[in-house]
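FYI, the numbering just counts along the sequence from 1. Ligands are counted one by one from 1 in listed order, and the atoms in each one are counted from 1 as well.
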Amino acid sequence: MTFDYDLFVIGGGSGGVRAARIAASEGGARVAMAEEYRMGGTCVIRGCVPKKLMVFAAGHGATLEEARAYGWQVEATGFDWRAFRAKLDAELTRLEGAYTRNAENAGVEIFHQRATLADPHTVLLADGRRLTARHILIATGGTPFVPPEFDGQGAMTSNEVFLMDELPGTMLIIGGGFIACEFACVLQGLGVAVTQMYRGAQILRGFDDDLRHTVAAEMGAQGVTLEVGTDLVSLERLPDGRYAASDTNGGRREFDRVLFATGRVANTGGLGLEAAGVALQENGAVKVDGWSQTNIPSIYAVGDVTDRIQLTPVAIREGHAFADTVFGGKPTQADHALVASAVFTRPEAATVGLTEEEARREGPVKIFMTSFRPMQTAFAGGTSKVMMKLVVCAASDRVLGCHIVAPGAAEMIQFAAVALKMGATKADFDRVVAVHPTMAEEIVLLRKPVREG
Ligand code: NDP
């Protein structure tokens, strides 16, 4: 049977573009791709990239304050959201162009429209064309989840944050995960009075407890009203466009805007997966094996749509491994072990490996930890604290987890991840001479365990 293409990729985000490029440029495959929105996907268009630029924008406010304490005669007269947004839009357009060009230069044909599956080898384009391919890759990512009872009430998700015409005076953020915590810090840093409401006992469930408590304390100190153990009961749109929110503590308050950061779900709705016979997980994500192959041999899936680890670099690895396996003659499985991640709160929280709780379930541990006021902010009179922690296996001395809350923690954890991936022991950390004066040096100066057993 002849096909129009060797590979058809649905979704022009990080995972899909990497797979398409490698299949075409290194595997010599005839590749097509469909993207219904903007090339670049969540990371580039409404995720990591615009978020990080907003983190930088917010950080400058704090830097200006600090500069004054260092003797600079500067006065921040306010943040110009519209000016920032215009620059942000231009940057995203530039990146979108770069993503498109890179794929096209590799020989990928791009259809800027929605595509759905008609059968295991056929894709149906929105304009009615039917195209066939030997292999189809689902790389449609995820989409924000809003609890059904609040859906359609005009509240925002992370998709809309970057599109706001103006910054609100007050904002309620629902959720305690990555997105909720990051936007709480960013928006508070830009001058919005943020209330963050989380149903659980402490934010950032799944992270190390010391990291969670440190981040929560730092967020509170910078002015975020953090309400844990509290959930939204009802949301009412007021005649003036604002919102009245009632919560499980019996409170009823008004906010200019409400943002749901209550998780993300796989973007599989209406994709024709049933028509092609592709099996899904209970939560709607595509079921794949270690090769990113679905139950239909010609159909693969990578990235957030498979709900393995929802991180851009993981999607890229999965896409690359797929292309190497299917088109490059190099069977490769993406490695999901010891993937580091960072939450861009202020200060940042970064982590690799096991939490103390997870490690304890596997056997006795030694916990090394420090908490201190870093020189830069302490000099300016700041009370902000840094936390660094190593979780060490008592039997083997191997470092099982590293958790950092500090300015620049995301940059630090990248190197800790190399050490952990190499199987570093605590003795290896101890053998390393400190780089002085830095914050990061403390990670090689942790002498005595704070807890054992
Ligand atoms: P998360 O899974 O991190 O957090 C979702 C939050 O919403 C949790 O606190 C959860 O509570 C809460 N929640 C879920 N359902 C409800 C509900 N019905 N009512 C009230 N609260 C609810 O998802 P995010 O959307 O923040 O992020 C999605 C993923 O994107 C992350 O897991 C991460 O992998 C990725 N990401 C990575 C970033 C980075 O690398 N810096 C930045 C942003 C996103 P509970 O804990 O109780 O379940």
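For the pair Gly263 and ligand 1, the shortest N or O to N or O distance falls below 3.5 Å. Annotation: Gly176 places an N or O atom under 3.5 Å from an N or O atom of ligand 1; distance criterion only. Considering backbone and side-chain N/O of Gly177, one or more are found under 3.5 Å from N/O of ligand 1. Between Ile174 and ligand 1, not a single N/O pair is under 3.5 Å apart.
Ion pair Asp335/Arg317 not flagged as a salt bridge, since none of the NZ, NE, NH1 or NH2 atoms sits closer than 4.0 Å to an Asp/Glu carboxylate oxygen.
Looking only at heavy atoms of the protein, atom 34 (O) of ligand 1 is closest to Gln310 O, 2.8 Å. Residue, atom and distance of the protein heavy atom nearest to atom 40 (O) of ligand 1 are Leu311 CD2, 3.4 Å. Protein heavy atom at the shortest distance from atom 10 (C) of ligand 1 is Arg199 NH2, 4.1 Å. Protein heavy atom in closest approach to atom 48 (O) of ligand 1: Arg205 NH2, 2.8 Å.
Under 4.0 angstrom from ligand 1, the non-hydrogen atoms of Ala261 all belong to its backbone. Looking at Asp231 against ligand 1, only its side chain comes within 4.0 Å, counting heavy atoms. Counting heavy atoms closer than 4.0 Å to ligand 1, residue Ser341 contributes nothing at all.
Residues satisfying the ring-ring contact (aromatic ring centres under 6.0 Å, His included) criterion with Phe429, sequence neighbours excluded, are absent altogether. Every residue meeting the side chain to side chain contact (heavy atoms under 4.5 Å, CB included) condition with Ile316, not counting sequence neighbours, appears here in chain and number order: Ser14, Arg18, Thr312.
The closest approach between any non-hydrogen atom of Gly200 and ligand 1 is not below 4.0 Å.
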